[in-house]
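Just below is one structure, and these are the notes that go with it.
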Amino acid sequence: MFFKRLKEDIDSFIARDPAARSRLEVILLYPGFHAIQVYRVSNWLWKHDFHFVARLLSQAARFFTGIEIHPGAIIGRRFFIDHGDGVVIGETSEIGDDVTLYQIVTLGGISPSVDSHKQVNQKRHPTLEDGVIVGSGAQILGPITVGKDARIGANAVVTRDVPPGVTAVGIPARVVMPRDKEHAKDFVAYGTPSDGCPDPVLHTIDNLRAQVASLMERIDVLERGQVLPDRQTQDGPELLTKKKK
Ligand SMILES: CC(C)(COP(=O)(O)OP(=O)(O)OC[C@H]1O[C@@H](n2cnc3c(N)ncnc32)[C@H](O)[C@@H]1OP(=O)(O)O)[C@@H](O)C(=O)NCCC(=O)NCCS
């Protein structure tokens, strides 16, 4: 069980960080991974009422990783913190499975509210449901819920509930677009689908392939002794203009 969960944690780093090349690299070089493993121990201690030791351990992890996770927070499986420095996760935060945080993210508290029966609301920090991605520098404050598979943009300040599957950006955060089901199914590194920013090398190769296909067609026409169509209407380079004369 312990090793299965450990392997699952390591593999989630490899799956979600394009820069991670091997399990050894994750184990030795990823502060996010170290902080999460220490949290798993400190959370066990916290739940067994060793509060001081649990806090001590979590502060030691903060010293070495720059990531502060309160041992009382509830965190699900395959949690991924990339880079990590400056991440703060407060005591009553709840985090589902497959959640991703980038650096300098705060899951922060606000003053506890008091209900009509003068009961103090102990929940001060946010809840992130499964699959949420939080961009670098985002601050999510108060006992709000960020719905399943939602994405929070870099540097956003979120103080209200965010519905599932949407993208929220800005200060204060506002929803900019609903995500389609295709996107919601898969993790996209940095929360940013690549279709809006095509790879320039692939784009050039696609253009070259289209030009080769066009030339092949024209050669085919020449070989059959037919008259070539006007070059102006064809895509591709001017290689065949001499033959036309
Ligand atoms: C929020 C995010 C996930 C949206 O990505 P996307 O789906 O590709 O969305 P787009 O880039 O098409 O942006 C949609 C709109 O939101 C705006 N927007 C995107 N990110 C924003 C941000 N962080 N803050 C403010 N506005 C933002 C865009 O300008 C655009 O506005 P427009 O419709 O008025 O032009 C992405 O921009 C983001 O912030 N990802 C986090 C990346 C990160 O933290 N990387 C750190 C890695 S080390």
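We're numbering straight along the sequence, starting at 1. When a ligand or atom number is given, it counts from 1 through the structure's own listing order. Heavy-atom basis, side chains included; hydrogens, waters and symmetry copies ignored.
With sequence neighbours excluded, the residues satisfying side-chain contact (heavy atoms from CB on, under 4.5 Å) with Ala61 are Val38. A search for side-chain contact (heavy atoms from CB on, under 4.5 Å) contacts involving Arg62 returns Gln59, Glu68, not counting sequence neighbours.
The residue from Val162, Val158, Thr159 that alone fulfils the side chain to side chain contact (heavy atoms under 4.5 Å, CB included) condition with Ile144 is Val158.
Heavy-atom proximity to Gly153, at under 4.0 Å, picks out these atoms of ligand 1: 1 (C), 23 (N), 39 (O). Heavy-atom proximity to Gly135, at under 4.0 Å, picks out these atoms of ligand 1: 41 (C), 44 (O). Listed by number with element, the atoms of ligand 1 under 4.0 angstrom from any heavy atom of Gln103 are 48 (S).
A salt bridge between Asp9 and Arg5 is absent, with no side-chain N of the basic residue lying under 4.0 Å from a carboxylate O of the acidic one.
Between His70 and Trp46 the shortest side-chain heavy-atom distance falls below 4.5 Å.
In this comparison of Thr100, Ile152, Val169, the heavy atom closest to atom 26 (N) of ligand 1 sits on Val169.
Checked against a 3.5 angstrom limit, the closest N/O atoms of Ala154 and ligand 1 fall inside it. Considering backbone and side-chain atoms together, His83 places no N or O closer than 3.5 Å to any N or O of ligand 1. Taking any N or O of Ser136, backbone or side chain, at least one lies under 3.5 Å from an N or O belonging to ligand 1.
Thr92 and Arg124 share no side-chain donor-acceptor pair at under 3.5 Å.
Residue contacts with ligand 1 include Thr167, since one or more of its heavy atoms lies under 4.0 Å from the ligand.
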